[in-house]
Trainee: 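Here you go, one structure.
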Amino acid sequence: MSNPAVQSLVARSNRLGADPRTTNYAGGNTSAKGVEVDPVTGGDVELLWVKGSGGDLGTLTEKNLAVLRLDRVRALVDTYPGVEREDEMVAAFDYCLHGRGGAAPSIDTAMHGLVDAAHVDHLHPDAGIAIATSADGEKLTTEIFGDAVVWVPWRRPGFQLGLDIAAIKEANPQAVGCILGGHGITAWGDTSDEAEQRSLWIIRTAEAYIDEKAAHLAEHPFGAVRAGFEALPEQERRARAAALAPVIRGLASTDKPQVGHFTDADVVLDFTARTELARLAGLGTSCPDHFLRTKVKPLVVDLPATVPVEDVVARLHELHAAYREDYQAYYDRNADANSPAIRGADPAIVLVPGVGMFSFGKDKQTARVAGEFYVNAINVMRGAEAISTYAPIEESEKFRIEYWALEEAKLARMPKPKALATRVAVVTGAGSGIGKAIAERLAAEGACVVIADLNLEGAQAVADELGGPDVAVAVQADVTDEDQVAALIQAASLAFGGVDLVVNNAGLSISKPLLDTTTKDWDLQHDVMARGSFLVAREAARAMVAQGMGGDIVYIASKNSLFAGPNNIAYSATKADQAHQVRLLAAELGEHGIRVNGVNPDGVVRGSGIFAGGWGAKRAAVYGVAEDKLGEYYAQRTLLKKEVLPEHVAAAVFALTGPDLVQTTGLHVPVDSGVAAAFLR
């Protein structure tokens with residue numbers, strides 16, 4: 001059983017991290033001190049358990065804690081070379097570790113080790129940061145808390161900040177915590193419960209003070225609502241967001257591809273409607289956790305919500321060019337010879353009045369969390385403006401955090417991105433069979449996947465298996481319906497920012513001789529696969545062209561597009577239609593960097609929804625074999641004598657859309673174990 005101090009620390013951390021009013025995702029850190037037996041000496045050793053680098057309080061477990069010998073951490077005070085070289089102390093923490101395993105110590109380890117209290121919480125609550133970023137934050141701290149909470153002027157996180165807070169606690173024995181200028185709060189206690197109660201008291205007291213002041217303001221902290229900038233009606237708002245998302249994602253991906261996230265939460269729509277939007281957004285965020293994820297400031301569209309979409313698109317291109325110039329100038333003003341290279345000048349946050357906020361990152365979770373952090377920043381600005389004037393830390397300090405050598409080293413330690421990282425895929429008919437296998441492979445290779453299927457329940461089950469909305473979303477779609485196909489691509493754009501990769505897989509099979517094939521059979525077969533593939537390709541191409549990032553369209557055609565077999569006139573004819581669509585679209589879309597390729601499977605019996613739906617029984621009857629032997633029959637008529645499985649088709653899709661065949665378009669890849677009659681000629 002783990003140490004009781006660790007048990008209480010994990011429980012406290014999870015409670016604090018579960019409430020967004022208390023701290024943001026992966027923000028803040030907590031610690032506990034306690035005694036264990038040293039396995040080397042057999043004597044007692046005093047230890048520090050502290051949330052490790054990159055961890056999240058809400059999901060913290062014991063393995064996410066760094067474990068250090070407290071005597072060695074405190075001994076670092078004697079070798080500390082001064083604030084100009086304090087970054088060196090992070091490496092020194094490695095020599096204080098106790099045992100093997102555990103998380104890497106974070107930059108805030110010194111704060112927790114040097115403060116003379118058994119339990120310490122460092123948090124980033126919106127209300128606390130509102131005070132910390134107010135122009136007269138020090139005065140407000142005294143007014144709100146008396147001498148129970150002490151003001152700490154802004155200092156970059158690190159060893160010196162730990163020394164400062166330790167000294168403040170020692171000099172103020174009556175204090176329960178402090179407000180860190182431009183940053184957040186820290187509280188301490190002799191027990192875990194006492195530290196938690198003090199943290200919550202600071203936060204709730206700050207919230208109550210802000211709410212009371214805001215209630216008596218003559219005007220909203222963000223100013224009056226601007227005519228024409230109010231939130232559009234929901235249906236119109238989301239349609240406009242879907243139209244703008246690929247354009248904005250393409251701009252935000254100028255330096256490197258990004259995944260997008262969209263929110264039209266009330267807090268965002270209210271902020272973008274107000275007269276103070278430009279001023280406050282231009283001041284940027286303050287808390288280090290905020291601007292590390294959101295960049296210093298957002299791109300703000302300065303047009304009313306009701307102007308034509310085409311005008312907004314044109315203005316976005318102008319604003320993006322200006323944003324990049326401004327960011328480059330920010331970098332040039334602050335960088336020195338030792339600064340890391342610029343990481344890209346595109347915005348991470350884009351605010352569109354009347355519509356909402358688009359946020360971007362290396363994956364969906366990062367993009368979503370960036371948006372959540374900017375909502376935190378909006379709350380901070382509202383609170384600060386309600387009680388004072390919002391005054392974030394100086395630009396030069398923001399730059400020191402954003403281009404911190406320690407942050408650069410953390411980025412360098414990140415694992416190499418997967419082959420399809422940042423790519424957004426739409427797979428039709430993905431609720432089962434071949435489509436499910438394709439969705440699973442694309443997600444495993446790093447893609448975000450939209451699971452489209454007539455059966456929403458089946459699609460949702462696949463999306464859940466793949467990891468939920470940060471990886472996959474389910475959309476019910478009838479590919480024969482023009483409006484539903486358009487809605488499918490819109491859903492992809494709202495979920496992930498746009499579309500990069502489409503797999504036309506939805507289909508069905510009607511196995512009948514010519515004389516028994518009805519016009520209804522013919523039309524249904526062609527509506528689903530020929531018309532459906534055309535509609536999906538057309539709507540996806542619209543989004544891809546708007547993004548300007550190229551893309552992939554893959555058709556799951558068939559060996560039957562080439563091979564003439566008995567009793568499947570409707571199926572084989574529509575597969576031939578799909579096969580020629582590949583060639584036609586490859587010729588047309590190449591100028592946009594969109595590659596169009598096909599896969600020609602044969603006899604995918606196991607796991608196939610088509611075969612399970614009656615096609616298998618009919619084909620087995622045609623060939624005179626038992627239905628459960630149909631896969632073996634197909635395998636034996638091939639050159640390789642091996643059965644084709646859904647995952648083999650999925651592998652071909654990945655090969656066509658991954659990093660190795662980027663110069664290939666207009667190709668059909670056979671996945672049939674070798675059917676000589678279906679060789680491409």
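When a residue number appears, it is its place in the shown sequence, counting from 1.
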Trainee: Within 45° of the six-membered ring axis of Phe360 and under 6.0 Å from that ring's centre, is NZ or CZ of Arg249 located there?
Mentor: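 Judged by the rule, Arg249 and Phe360 form no cation-pi pair.
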Trainee: With distance as the sole criterion, is a donor-acceptor pair present between the side chains of His122 and Thr186 under 3.5 Å?
Mentor: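 Note: His122 and Thr186 side chains meet the donor-acceptor criterion.
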Trainee: Under a 3.5 Å threshold, yes or no: a donor from one side chain and an acceptor from the other, between Asn376 and Glu372?
Mentor: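 No, Glu372 and Asn376 have no side-chain donor paired with an acceptor closer than 3.5 Å.
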Trainee: Under the side-chain contact (heavy atoms from CB on, under 4.5 Å) criterion, do Arg12 and Thr191 qualify, and how do the steps go?
Mentor: CA-CA 11 Å; Arg12 173 174 106 242; Thr191 67; over 6 Å; no
Trainee: Is the closest basic N to carboxylate O distance between Lys297 and Asp326 below 4.0 Å?
Mentor: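 Looking at Lys297 and Asp326, the cut-off is met.
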Trainee: Using atom types as modelled and distance alone, determine if a side-chain donor or acceptor of Asp108 lies under 3.5 Å from a backbone N or O of Gly158.
Mentor: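 Answer holds: no.
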Trainee: Is a donor on one side and an acceptor on the other found under 3.5 Å between the side chain of Asn64 and the backbone of Lys51?
Mentor: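 No, Asn64 side chain to Lys51 backbone: no donor-acceptor pair under 3.5 Å.
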Trainee: Looking at side-chain heavy atoms only, is the closest gap between Pro417 and Lys362 below 4.5 Å?
Mentor: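 SC-SC contact between Pro417 and Lys362 ruled out.
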Trainee: Could you check whether any side-chain heavy atom of Leu16 comes within less than 4.5 Å of a side-chain heavy atom of Leu200, counting everything from C-beta outward?
Mentor: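 Heavy-atom side-chain distance check passes, below 4.5 Å.
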Trainee: Within a radius of less than 6.0 Å around CZ of Arg155, do more than 12 heavy atoms belonging to other residues, nucleotides or ligands occur?
Mentor: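 Check passes, neighbour count above 12.
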Trainee: In the structure I gave you, are the side-chain heavy atoms of Val90 and Ile107 within less than 4.5 Å of one another anywhere?
Mentor: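 SC-SC contact between Val90 and Ile107 confirmed.
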Trainee: Just verifying a value: how many Å separate Ser13 OG and Leu65 CG, rounded to the nearest 0.5 Å?
Mentor: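 Going from the OG atom of Ser13 to the CG atom of Leu65 covers 7.0 Å.
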Trainee: Could you check whether Ser286 and Thr133, counting side-chain N and O atoms only, form a donor-acceptor pair closer than 3.5 Å?
Mentor: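 Note: Thr133 and Ser286 side chains miss the donor-acceptor criterion.
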Trainee: Atom CD in Glu212, atom CG in Leu217: separation rounded to 0.5 Å?
Mentor: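 So the gap between those two atoms works out to 9.5 Å.
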Trainee: Please report the shortest heavy-atom distance between Pro105 and Leu97, naming the atom on each side.
Mentor: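 Result for this residue pair: CG-CD2, 3.7 Å.
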Trainee: Phe271 pairs by side-chain contact (heavy atoms from CB on, under 4.5 Å) with which of Leu277, Asn379, Asp266, Val375?
Mentor: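 With Phe271 as partner, Leu277, Asn379, Asp266, Val375 yield a single side-chain contact (heavy atoms from CB on, under 4.5 Å), made by Leu277.
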Trainee: Just checking Gln174: does its CD atom have more than 12 heavy atoms from other residues, nucleotides or ligands closer to it than 6.0 angstrom?
Mentor: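 Yes, enclosed.
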Trainee: Pick from Val6, Leu68, Val10, Thr30: which one makes a side-chain contact (heavy atoms from CB on, under 4.5 Å) with Trp49?
Mentor: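 Looking at Val6, Leu68, Val10, Thr30, the match for Trp49 under the side-chain contact (heavy atoms from CB on, under 4.5 Å) is Val6.
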Trainee: Mind running side-chain contact (heavy atoms from CB on, under 4.5 Å) on Val471 and Lys364 for me, showing each step along the way?
Mentor: CA-CA 7 Å; Val471 177; Lys364 173 65 176 184; over 6 Å; no
Trainee: Within the distance-only criterion (no hydrogens, no angle test), does the side chain of Thr23 pair as donor or acceptor with the backbone N or O of His124 below 3.5 angstrom?
Mentor: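 Side chain of Thr23 to backbone of His124: a pair is present.
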Trainee: Of the non-hydrogen atoms in Gly383 and Ile210, which two are nearest, and what is the gap between them?
Mentor: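 What the structure gives for the nearest pair is CA-CG2, 3.8 Å.
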Trainee: Is it the case that atom CG in Asp190 sees more than 12 heavy atoms from other parts of the structure closer than 6.0 Å?
Mentor: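 Count not over threshold, so no.
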Trainee: May I ask you to decide if Leu60's main-chain N or O and Asn14's side chain share a donor-acceptor pair within less than 3.5 Å?
Mentor: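 A pair under 3.5 Å: yes.
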Trainee: Could you please spell out the steps behind the side-chain contact (heavy atoms from CB on, under 4.5 Å) verdict for Leu161 and Val152?
Mentor: CA-CA 9 Å; Leu161 180 61; Val152 179; 4.2 Å; yes
Trainee: Can you tell whether the side chains of Asp116 and Lys169 come within less than 4.0 Å, N to carboxylate O?
Mentor: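 Salt bridge between Asp116 and Lys169, a charged N being under 4.0 Å from a carboxylate O: no.
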Trainee: Does atom CD of Glu395 have more than 12 heavy-atom neighbours, drawn from other residues, nucleotides or ligands, at distances under 6.0 Å?
Mentor: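 Counting other residues, nucleotides and ligands, CD of Glu395 exceeds 12 neighbours.
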Trainee: Nearest heavy-atom pair of Tyr209 and Glu143: which atoms, and what distance?
Mentor: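 Nearest pair, atom of Tyr209 first, then Glu143: OH-OE2, 2.7 Å.
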Trainee: Does a donor on one side chain sit under 3.5 Å from an acceptor on the other, for Glu276 and Tyr390?
Mentor: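 No donor-acceptor contact under 3.5 Å links the two side chains.
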Trainee: Output the distance between atom SG (Cys448) and atom CD (Gln365), rounded to the nearest 0.5 Å.
Mentor: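 Going from the SG atom of Cys448 to the CD atom of Gln365 covers 11.0 Å.
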Trainee: Tyr330 vs Tyr327 aromatic rings, parallel, tilted or perpendicular, using cut-offs 30° and 60°?
Mentor: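 Tyr330 and Tyr327: tilted rings.
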Trainee: Rounded to the nearest 0.5 Å, what separation is found between the NZ atom of Lys295 and the OG atom of Ser359?
Mentor: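 Lys295 atom NZ to Ser359 atom OG measures 13.5 Å (nearest 0.5 Å).
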Trainee: Using 30° and 60° as the class limits, which term best fits the ring planes of Trp154 and His183: parallel, tilted or perpendicular?
Mentor: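 It falls in the tilted class, 30° to 60°.
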Trainee: Is the shortest distance from a Lys or Arg side-chain nitrogen in Glu385 or Arg274 to a carboxylate oxygen in the other one below 4.0 Å?
Mentor: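 Looking at Glu385 and Arg274, the cut-off is not met.
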Trainee: For Ile349 and Ala370, which heavy atoms make the closest approach, and how far apart are they?
Mentor: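 Nearest heavy atoms, Ile349 then Ala370: CD1-O, 3.7 Å.
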Trainee: Would you indicate whether the side-chain heavy atoms of Asn3 and Leu9 approach each other to under 4.5 Å?
Mentor: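 No, too far: nothing below the 4.5 Å cut-off.
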Trainee: Are the side chains of Glu397 and Pro392 in touch, meaning some heavy atoms are under 4.5 Å apart?
Mentor: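 No, side chains not in contact.
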Trainee: Test your reading of the model: is there a side-chain donor-acceptor pair from Arg293 to the backbone of Gly361, 3.5 Å cut-off?
Mentor: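 No; judged by distance alone, with no hydrogens or angles, the pair does not exist.
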Trainee: Give the C-alpha distance, both sets of side-chain angles, the deciding distance and a yes or no for side-chain contact (heavy atoms from CB on, under 4.5 Å) between Val352 and Ile248.
Mentor: CA-CA 10 Å; Val352 183; Ile248 297 174; 4.1 Å; yes
Trainee: Please confirm whether the backbone N or O of Tyr95 pairs with a side-chain atom of Arg72, one donor and one acceptor, at under 3.5 Å?
Mentor: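 Yes.
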Trainee: Taking 4.0 angstrom as the limit, do Asp363 and Lys418 come out as a salt bridge?
Mentor: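 Looking at Asp363 and Lys418, the cut-off is not met.
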Trainee: Going from CD1 on Ile131 to CH2 on Trp151, what distance comes out if it is rounded to the nearest 0.5 angstrom?
Mentor: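 Spacing of CD1 (Ile131) from CH2 (Trp151) equals 9.0 Å.
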Trainee: Look at Arg69 together with Asp38 and state whether they make a salt bridge at an N to O cut-off of under 4.0 Å.
Mentor: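 Salt bridge: yes.
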Trainee: Is any side-chain heavy atom of Val37 closer than 4.5 Å to one of Val45?
Mentor: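 SC-SC contact between Val45 and Val37 ruled out.
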Trainee: Looking at Glu86 and Gln160, would you say the former's side chain and the latter's main chain have a donor-acceptor pair under 3.5 Å?
Mentor: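 Side chain of Glu86 to backbone of Gln160: a pair is present.
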Trainee: Is any side-chain heavy atom of Phe93 closer than 4.5 Å to one of Ser53?
Mentor: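 No, their side chains stay 4.5 Å or more apart.
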Trainee: Flag the pair Phe399 / Arg333 as yes when at least one side-chain heavy-atom distance between them is below 4.5 Å, and no otherwise.
Mentor: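 No, their side chains stay 4.5 Å or more apart.
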Trainee: What about Phe145 and Trp201, are their ring centers closer than 6.0 Å?
Mentor: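 They qualify: ring centres under 6.0 Å apart.
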Trainee: OG1 of Thr109 to CE of Met89: how many Å apart, nearest 0.5 Å?
Mentor: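 Result: 11.5 Å between the selected atoms.
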Trainee: Can you tell whether the side chains of Asp19 and Arg204 come within less than 4.0 Å, N to carboxylate O?
Mentor: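 Salt bridge present between Asp19 and Arg204.
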Trainee: So which heavy atom on Tyr374 is nearest to which on Thr294, and how close?
Mentor: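 Reported closest heavy-atom pair: N-CG2, 3.9 Å.
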Trainee: Give me the atom names and distance for the closest heavy-atom approach of Ala195 to Asp121.
Mentor: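 Scanning both residues, the minimum pair turns out to be O-OD2, 3.4 Å.
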